[in-house]
Novice: 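Got a structure here, written out as structure tokens. Questions coming.
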Amino acid sequence: MPELPEVETYRRFIDETSLFQPITEVEVQDPKRQLQVDLDDFRRTLRGEQFTQTARIGKQLFLETARGPIVTMHFGMTGDVAYYKDEADTPRFARAIFHFENGFKFAFLDSRKFGRLGLTQSVAAFRLQKKLGPDALTLSTEELTQGLARKKSAIKPLLLDQRIAPGVGNWIADEVLFQAQLEPERPADSLQPAEVDRLATCIREVLETAIAAEAIYRDFPSHYLIHAREWDEAPASATKDAHLHCPRCQTLIQKKYVGGRATYFCPNCQV
DNA sequence: GCCTATGTTTCAGT
DNA sequence: CACTGAAACATAGG
């Protein structure tokens with residue numbers, strides 16, 4: 001699930017549950033695959049340590065500790081978080097578990113194991129190394145213009161480029177383009193300045209709306225395209241492949257692949 | 001068994 | 001060098 005709104009929601013969850021609690025033990029189920037540093041180093045660094053604050057750039061989360069080292073967390077396609085006390089409540093797919101002195105545990109869940117945990121000394125250094133652009137939640141028109149400069153490819157894959165608008169994922173990209181009424185395959189260099197400005201505004205507004213709904217899609221406004229993706233939200237009478245209609249003009253929502261990713265759009269509203 | 005999947009990286013080809 | 005498309009990763013769910 002995790003695009004920027006989910007990661008921001010996880011960040012707030014961690015702020016509410018897991019700060020200022022001494023860490024007594026750390027478990028990582030499949031360190032070879034999901035931990036980017038040595039497991040013993042990771043545990044030695046964190047035992048006796050505590051998380052003091054969190055930060056986020058795009059889909060990348062940072063858990064800062066009192067003594068300095070920062071845990072980096074990326075949720076891949078299926079990452080999630082949990083906080084619980086009883087062993088019996090250990091959630092399915094808990095891939096990393098941080099035990100606190102008060103008996104509670106914070107778990108990093110991830111069925112597909114595409115998520116990654118690591119350590120860094122500085123958020124700024126990590127950002128440079130990963131070439132992450134300015135966070136999409138506060139992306140300005142100037143920053144977006146800069147990111148799209150001299151780009152000729154379709155606008156949608158560029159929105160997914162974490163160097164340009166980190167935090168935008170496949171579903172949010174479709175929503176943003178729908179709200180901005182732009183065709184996903186428009187070449188970036190064909191966008192007029194007013195269209196880039198509209199796009200930047202829609203990126204921020206869609207993300208703010210999604211965060212306000214704690215990334216629960218069924219709570220998104222009814223004029224959002226996202227509902228066309230949630231087939232199980234469709235009326236029981238609808239058949240599985242019955243595409244939903246555009247909330248603006250009722251035209252049938254189309255699906256195609258753009259940049260290799262499933263893309264939903266309204267062929268009438270988006271030009 | 002078949003297909004799809006909210007992400008990222010890597011590699012081959014143009 | 002820039003860009004594109006496909007594959008790979010590992011697993012669940014329909």
Side-chain angles (χ1 to χ4, degrees), chain A residues 1-10 28-36 56-61 72-81 91-96 108-118 126-127 129-133 136 147-178 184-185 187-190 203 206-207 209-211 213-220 224-234 236 238-243 255-264:
Chain A
M1 300 174 189
E3 299 188 37
L4 188 151
E6 287 87 347
V7 178
E8 177 62 17
T9 302
Y10 300 163
V28 182
Q29 191 192 78
D30 190 352
K32 248 178 126 173
R33 194 156 312 282
Q34 300 201 267
L35 188 62
Q36 295 172 310
R56 181 191 57 70
I57 302 174
K59 303 167 194 168
Q60 188 71 51
L61 190 62
T72 61
M73 217 171 256
H74 193 290
F75 296 90
M77 292 265 269
T78 54
D80 203 348
V81 294
R92 202 176 170 201
F93 310 125
R95 306 299 190 189
F108 172 91
L109 320 179
D110 185 9
S111 70
R112 282 175 74 177
K113 296 194 198 176
F114 286 174
R116 297 290 179 265
L117 300 175
F126 187 91
R127 154 178 248 152
Q129 190 212 327
K130 292 284 182 179
K131 301 187 170 72
L132 294 173
L148 299 180
R150 296 174 299 283
K151 302 286 187 192
K152 294 180 179 143
S153 68
I155 185 64
K156 170 161 174 175
L158 291 173
L159 288 181
L160 297 177
D161 186 334
Q162 303 299 298
R163 294 168 299 187
I164 296 176
V168 175
N170 199 36
W171 292 22
I172 294 289
D174 283 0
E175 189 63 58
V176 162
L177 290 168
F178 175 72
E185 294 189 286
D189 63 0
S190 77
I203 290 172
V206 167
L207 290 171
T209 301
I211 291 169
E214 296 183 327
I216 299 168
Y217 300 125
R218 66 174 170 278
D219 293 342
F220 286 11
Y224 268 40
L225 176 74
I226 193 115
H227 303 295
R229 261 193 149 100
E230 292 214 290
W231 304 116
D232 52 10
E233 289 297 310
T239 56
K240 200 179 59 158
D241 57 346
H243 283 219
K255 176 185 179 181
K256 68 161 110 171
Y257 284 83
V258 177
R261 310 298 303 276
T263 299
Y264 293 74

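Worth saying up front: this structure is predicted, and the values here are computed from it rather than measured.
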Novice: To the nearest Å, give me how far apart CD1 (A:Ile155) and P (C:dC3) are.
Specialist: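 Rounding to the nearest Å, CD1 of A:Ile155 and P of C:dC3 are 13 Å apart.
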Novice: For A:Arg112 and B:dT6, give me the distance from atom CZ to atom C1', rounded to whole Å.
Specialist: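 One finds 9 Å between C1' of B:dT6 and CZ of A:Arg112, rounded.
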Novice: What's the closest nucleotide to the side chain of A:Ser111 if the choices are B:dT4, C:dA12, B:dG7?
Specialist: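 Among the listed nucleotides, the one closest to the side chain of A:Ser111 is C:dA12.
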Novice: Over how many whole Å does the gap from A:Asp174 atom CG to B:dA5 atom P extend?
Specialist: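 Computing the A:Asp174:CG to B:dA5:P distance gives 11 Å.
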Novice: If the condition is ring pair (Phe, Tyr, Trp, His ring centres under 6.0 Å), which residues does A:Phe75 pass it with, not counting sequence neighbours?
Specialist: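 A:Phe75: ring pair (Phe, Tyr, Trp, His ring centres under 6.0 Å) contacts with A:Tyr10, A:Phe108.
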Novice: Using atom types as modelled and distance alone, determine if a side-chain donor or acceptor of A:Arg95 lies under 3.5 Å from a backbone N or O of A:Asp110.
Specialist: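 Indeed, once roles are kept as given, a pair shorter than 3.5 Å links the two residues.
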Novice: What is the distance, to the nearest angstrom, from the CG atom on A:Leu158 to the C1' atom on C:dC3?
Specialist: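 After rounding, the reported distance stands at 10 Å.
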Novice: Answer yes or no: is there a donor N or O on one side and an acceptor on the other, between the side chain of A:Glu175 and the main chain of A:Asn170, under 3.5 Å?
Specialist: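 Not confirmed, A:Glu175 side chain does not pair with A:Asn170 backbone.
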Novice: Less than 4.0 angstrom between a side-chain N/O of A:Tyr10 and OP1 or OP2 of B:dT6, yes or no?
Specialist: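 Checking A:Tyr10 against B:dT6: no side-chain N or O falls below 4.0 Å of OP1 or OP2.
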Novice: Who pairs with A:Phe114 by ring pair (Phe, Tyr, Trp, His ring centres under 6.0 Å), at least two apart in sequence or on another chain?
Specialist: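 Partners of A:Phe114 under the ring pair (Phe, Tyr, Trp, His ring centres under 6.0 Å) test: none.
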Novice: Can you tell which of B:dT4, B:dG7, C:dT11 lies closest to the side chain of A:Glu3?
Specialist: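 From the listed options, B:dG7 comes nearest.
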Novice: Is the side chain of A:Lys59 donor-acceptor paired with the backbone N or O of A:Val168 at a distance under 3.5 Å, no angle test?
Specialist: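 It does hold such a pair.
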Novice: Output the rounded distance in Å from CG (A:Asn170) to C1' (B:dT6).
Specialist: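 That distance rounds to 7 Å.
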Novice: State whether the aromatic ring of A:Phe114 stacks on the base of B:dG7, taking stacking to mean ring centres under 5.5 Å apart and ring planes under 30° to each other.
Specialist: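 Given the distance and angle limits, yes, they stack.
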Novice: Give every pair of a protein N or O atom and an N or O atom of nucleotides 8-12 of chain B that lie under 3.5 Å apart, one pair per line with the distance.
Specialist:
{"from": "B:dT8", "atom 1": "OP1", "to": "A:His74", "atom 2": "NE2", "distance (Å)": "2.7"}
{"from": "B:dT8", "atom 1": "OP2", "to": "A:Lys59", "atom 2": "NZ", "distance (Å)": "2.9"}
{"from": "B:dT9", "atom 1": "OP1", "to": "A:Lys130", "atom 2": "NZ", "distance (Å)": "3.4"}

Novice: How many Å lie between CG on A:Leu159 and C1' on B:dG7, as a whole number?
Specialist: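 One finds 15 Å between C1' of B:dG7 and CG of A:Leu159, rounded.
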Novice: I want to confirm an ordering. Mapping A:Gly260 and A:Phe93 to their closest nucleotides on DNA chain C, which one lands closer to the 5' end?
Specialist: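 So the residue in question is A:Gly260.
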Novice: Do the side chain of A:Arg127 and the main chain of A:Gly133 share a donor and acceptor less than 3.5 angstrom apart?
Specialist: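 Here the side-chain-to-backbone pair exists.
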Novice: Taking A:Glu3 for its side chain and A:Ile172 for its backbone only, find out whether a donor-acceptor pair lies under 3.5 Å.
Specialist: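 Indeed, once roles are kept as given, a pair shorter than 3.5 Å links the two residues.
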Novice: Quickly work out the A:Asp110 CG to C:dC9 P distance and round it to whole Å.
Specialist: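 In whole Å, C:dC9 P lies 16 Å from A:Asp110 CG.
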Novice: I'd like to check the side-chain hydrogen bond (donor to acceptor under 3.5 Å, both in side chains) partners of A:Arg163; sequence neighbours left out, ordered by chain and number.
Specialist: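 With sequence neighbours excluded, A:Arg163 shows a side-chain hydrogen bond (donor to acceptor under 3.5 Å, both in side chains) to A:Asp161, given in chain and number order.
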Novice: Counting only side-chain heavy atoms from C-beta out, which of B:dT6, C:dC3, C:dA12 sits nearest to A:Lys151?
Specialist: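 Of the options given, the side chain of A:Lys151 lies nearest C:dC3.
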Novice: By salt bridge (charged side-chain N to carboxylate O under 4.0 Å, His left out), which residues pair with A:Lys256, not counting sequence neighbours?
Specialist: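 A:Lys256: salt bridge (charged side-chain N to carboxylate O under 4.0 Å, His left out) contacts with A:Glu185.
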Novice: State the dot-bracket string of DNA chain C. Criteria: Watson-Crick or G-U wobble, both atom distances under 3.5 angstrom; notation: ( ) intrastrand, [ ] crossing earlier pairs, | interstrand, . unpaired.
Specialist: .||||||||.||||
Novice: What is the separation between atom CG on A:Leu109 and atom C1' on C:dT11, rounded to the nearest whole Å?
Specialist: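 Rounded to whole Å, this separation is 14 Å.
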